[in-house]
Novice: 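Starting off with a structure, shown below.
So that the names make sense, note that chain A is the first sequence line, chain B the second, and so on, each numbered from 1.
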Protein chains: 2
Amino acid sequence: MKQQNSQTEEKILEAAEQIFLRDGYGDARMQDIADLAGINKALLHYYFRSKDNLFEYIFEKKISVMFPKMEEMFNQNLSFYETTCAFIEKYITLLNDNPYIPMFVMSTINRADRQDFIKKLPIGLIQKFAELYFKDFSVGKVREVNPAQLIISVMSMCAFPFIARPVIKEITKADDEQFKAIMQFRISEIQLYLKYILNQ
Amino acid sequence: MKQQNSQTEEKILEAAEQIFLRDGYGDARMQDIADLAGINKALLHYYFRSKDNLFEYIFEKKISVMFPKMEEMFNQNLSFYETTCAFIEKYITLLNDNPYIPMFVMSTINRADRQDFIKKLPIGLIQKFAELYFKDFSVGKVREVNPAQLIISVMSMCAFPFIARPVIKEITKADDEQFKAIMQFRISEIQLYLKYILNQ
DNA sequence: GTCTATAGAACGATAGAC
DNA sequence: GTCTATCGTTCTATAGAC
């Protein structure tokens with residue numbers, strides 16, 4: 001009984017994740033989720049009361065990918081440059097395995113009726129980076145730039161290509177695997193920019 | 001008669017633009033467009049046969065903002081660095097007046113049923129930039145980087161903050177005007193990065 | 001050209017049998 | 001726990017009066 005229960009719930013969550021990531025909240029259909037899970041609509045509402053409920057569940061499960069946990073990285077006493085280089089590699093590798101996440105998160109928080117979802121984002125990450133920058137800047141280890149703008153730039157260079165993925169795939173005539181390779185190469189390219197910007 | 005005709009059509013287009021930009025295709029409602037235009041739904045279908053038709057009209061009108069016309073800029077015989085600096089200023093100024101455009105375009109071309117809209121984008125721009133880079137690189141005017149990756153980076157740094165606008169506004173506690181100011185300041189910051197990256 | 005009224009389909013959600 | 005059947009609503013689109 002309980003075994004079967006968990007199995008169905010797991011199937012629903014997997015299907016919901018796939019459909020919501022592909023279509024976003026508004027365009028996603030409960031029927032599509034039911035079909036993909038191999039069950040019917042009524043059972044969806046038995047496990048999760050409403051579409052809103054199910055979506056919130058998936059969203060909260062996925063935001064950690066958009067703003068990854070970085071605690072251990074900040075506790076290693078690395079420089080701002082080293083920490084940011086490590087972040088770039090970790091972030092793009094993570095997004096290469098979850099290419100739909102940036103569009104999913106951004107389309108959600110841009111909906112007029114879902115702006116409260118912004119508060120679910122773990123945005124303390126930005127503050128940590130800024131503190132580390134000022135620490136290195138005060139001892140002359142990095143060139144003077146605006147740290148908030150720099151962090152926005154790094155996240156932009158990592159995340160935006162996944163949002164513009166269909167365009168980039170079309171321009172470069174790349175398939176999914178080739179796009180992954182482009183992004184893999186991009187890690188060292190962004191790290192190179194950072195090196196020049198910070199004068200390392 | 002014809003005067004009235006044009007006036008109504010203009011009101012519809014203005015309303016449709018506003019609603020589609022805010023909600024995207026899937027979440028936009030013909031009723032909302034009709035209400036905003038001060039007419040009824042039936043009249044919408046009299047002027048534009050379907051929602052698809054109306055949307056396509058608006059989309060084609062707006063893509064020039066996402067990929068701005070740059071012909072005159074390329075004909076001024078400026079260096080790659082100068083041209084890209086000018087692009088950054090022009091692009092962010094343009095997006096500051098049209099902050100919803102990046103999300104609108106990206107959410108459209110990420111829809112499974114709207115991928116043919118990618119072909120409407122004037123992506124020749126990228127090629128022009130790459131050619132100009134190689135011209136300057138061959139005479140040692142710029143440092144060696146991957147030009148395609150650099151152009152993606154510049155566009156990312158310009159466009160992504162508008163897509164993440166609700167997040168940035170929340171983190172910085174900025175209103176619409178303050179966000180505009182942040183982006184205005186961002187122009188010189190991105191230009192500074194470019195200077196360091198290209199060793200100018 | 002503009003309106004009211006409504007058709008026809010799709011969607012989220014629920015009732016009730018098993 | 002899982003199903004079929006259906007309710008109530010919402011949406012695009014059209015018919016028909018003026």
Side-chain angles (χ1 to χ4, degrees), chain A residues 1-61 104 107-108 110-114 116-117, chain B residues 1-60 104 107-108 111-114 116-117:
Chain A
M1 274 302 148
K2 202 158 195 181
Q3 187 73 5
Q4 193 122 345
N5 187 330
S6 298
Q7 270 182 15
T8 303
E9 194 172 325
E10 194 54 43
K11 276 197 297 178
I12 292 175
L13 286 174
E14 274 175 34
E17 189 174 313
Q18 205 168 318
I19 299 295
F20 278 135
L21 282 178
R22 192 192 64 188
D23 297 339
Y25 179 82
D27 293 339
R29 300 288 163 244
M30 293 295 267
Q31 186 65 61
D32 289 350
I33 296 173
D35 290 348
L36 191 61
I39 53 156
N40 58 3
K41 273 194 298 179
L43 208 52
L44 279 185
H45 288 91
Y46 176 80
Y47 279 91
F48 302 86
R49 265 207 336 276
S50 64
K51 184 184 179 183
D52 269 57
N53 249 11
L54 185 54
F55 181 81
E56 196 169 345
Y57 200 96
I58 300 293
F59 185 81
E60 291 182 349
K61 197 172 146 193
F104 170 71
S107 70
T108 301
N110 271 283
R111 279 177 65 101
D113 61 336
R114 286 272 177 301
D116 52 319
F117 276 46
Chain B
M1 277 306 143
K2 201 160 193 180
Q3 188 75 6
Q4 194 121 344
N5 187 329
S6 298
Q7 270 181 14
T8 303
E9 193 172 325
E10 194 54 42
K11 277 196 297 178
I12 292 175
L13 285 174
E14 275 176 33
E17 189 174 313
Q18 205 168 318
I19 299 295
F20 278 135
L21 281 179
R22 192 192 63 188
D23 297 339
Y25 179 83
D27 294 338
R29 299 289 163 244
M30 294 295 267
Q31 186 65 62
D32 290 348
I33 296 173
D35 291 348
L36 191 60
I39 54 158
N40 60 4
K41 274 192 299 177
L43 208 53
L44 278 184
H45 287 90
Y46 175 80
Y47 279 91
F48 301 85
R49 266 206 336 274
S50 66
K51 185 184 178 182
D52 269 56
N53 249 10
L54 184 54
F55 181 81
E56 196 169 347
Y57 200 97
I58 300 293
F59 185 82
E60 290 182 349
F104 171 70
S107 69
T108 301
R111 278 177 64 101
D113 61 335
R114 286 271 178 301
D116 51 318
F117 277 45

Novice: Rounded to whole angstroms, how far apart are OH on B:Y47 and C1' on D:dT14?
Specialist: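 Taking OH of B:Y47 and C1' of D:dT14, I get 18 Å after rounding.
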
Novice: Tell me: CG of A:D23 to C1' of C:dC11, nearest whole Å?
Specialist: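 It works out to 14 Å between those atoms.
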
Novice: Rounded to whole Å, please give me the gap between CZ in A:F48 and C1' in D:dG1.
Specialist: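 So the two atoms are 14 Å apart, to the nearest Å.
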
Novice: Just how far is it from atom CD of B:E17 to atom CD of B:E14, taken to the nearest 0.5 Å?
Specialist: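 CD of B:E14 is found 7.5 Å from CD of B:E17.
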
Novice: OP1, OP2 of D:dT2 versus side-chain N and O of A:T8: anything below 4.0 Å?
Specialist: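 Yes, because at least one side-chain N or O of A:T8 sits under 4.0 Å from OP1 or OP2 of D:dT2.
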
Novice: Between the protein and nucleotides 3-9 of chain D, list the N/O to N/O atom pairs that are separated by less than 3.5 angstrom.
Specialist:
{"unit_1": "D:dC3", "atom_1": "OP2", "unit_2": "A:N40", "atom_2": "OD1", "d": "3.2"}

Novice: If you compare all heavy atoms of A:I19 against all heavy atoms of A:A28, which two are closest, and at what distance to 0.1 Å?
Specialist: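 Reported closest heavy-atom pair: CG2-CB, 3.9 Å.
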
Novice: Counting any heavy atom closer than 4.0 Å, what does B:A28 reach on the DNA or RNA strands: base, sugar-phosphate only, or nothing?
Specialist: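 Sugar-phosphate, no base atom in range.
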
Novice: OP1 or OP2 of D:dT14 versus the side-chain N and O atoms of B:Y46: is any pair under 4.0 Å?
Specialist: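 B:Y46 to D:dT14 OP1/OP2: no side-chain N or O under 4.0 Å.
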
Novice: What is the separation between atom CE on A:M30 and atom C1' on D:dT10, rounded to the nearest whole Å?
Specialist: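 Taking CE of A:M30 and C1' of D:dT10, I get 16 Å after rounding.
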
Novice: Quick one: are B:F20 and B:K51 in side-chain contact, heavy atoms under 4.5 Å?
Specialist: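 They are in contact (side-chain heavy atoms under 4.5 Å apart), so the answer is yes.
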
Novice: For the pair made of CZ in A:R29 and C1' in C:dA13, what is the distance, rounded to whole Å?
Specialist: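 For the pair A:R29 CZ and C:dA13 C1', the rounded distance is 14 Å.
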
Novice: In whole angstrom, what separates A:Q31's CD from C:dT14's P?
Specialist: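 Taking CD of A:Q31 and P of C:dT14, I get 16 Å after rounding.
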
Novice: Please report the closest heavy-atom contact between A:M30 and A:L44, naming both atoms and the distance.
Specialist: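 Scanning both residues completely, I find the closest heavy atoms to be O-CD1, 3.2 Å.
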
Novice: Grab the two heavy atoms, one from B:I33 and one from B:L54, that are nearest each other, plus how far apart they are.
Specialist: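 Heavy atoms only, the tightest pair is CD1-CD2, 4.2 Å.
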
Novice: Does a side-chain N or O from A:H45 land closer than 4.0 Å to OP1 or OP2 of C:dT14, or not?
Specialist: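 So the side chain of A:H45 is outside the cut-off, no N or O lying under 4.0 Å from OP1 or OP2 of C:dT14.
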
Novice: B:K51 has an atom NZ; how far is it from atom P of C:dA9, in whole Å?
Specialist: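 B:K51 atom NZ is separated from C:dA9 atom P by 18 Å.
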
Novice: I'd like to know whether the aromatic ring centres of B:F48 and B:F55 sit less than 6.0 Å apart in this structure.
Specialist: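 When the ring centroids of B:F48 and B:F55 are compared, they turn out to be at least 6.0 Å apart.
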
Novice: Nearest heavy-atom pair of A:D116 and A:D113: which atoms, and what distance?
Specialist: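 Here A:D116 and A:D113 meet closest at OD1-O, 3.9 Å.
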
Novice: In whole angstrom, what separates B:I19's CD1 from D:dC11's C1'?
Specialist: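 In whole Å, D:dC11 C1' lies 15 Å from B:I19 CD1.
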
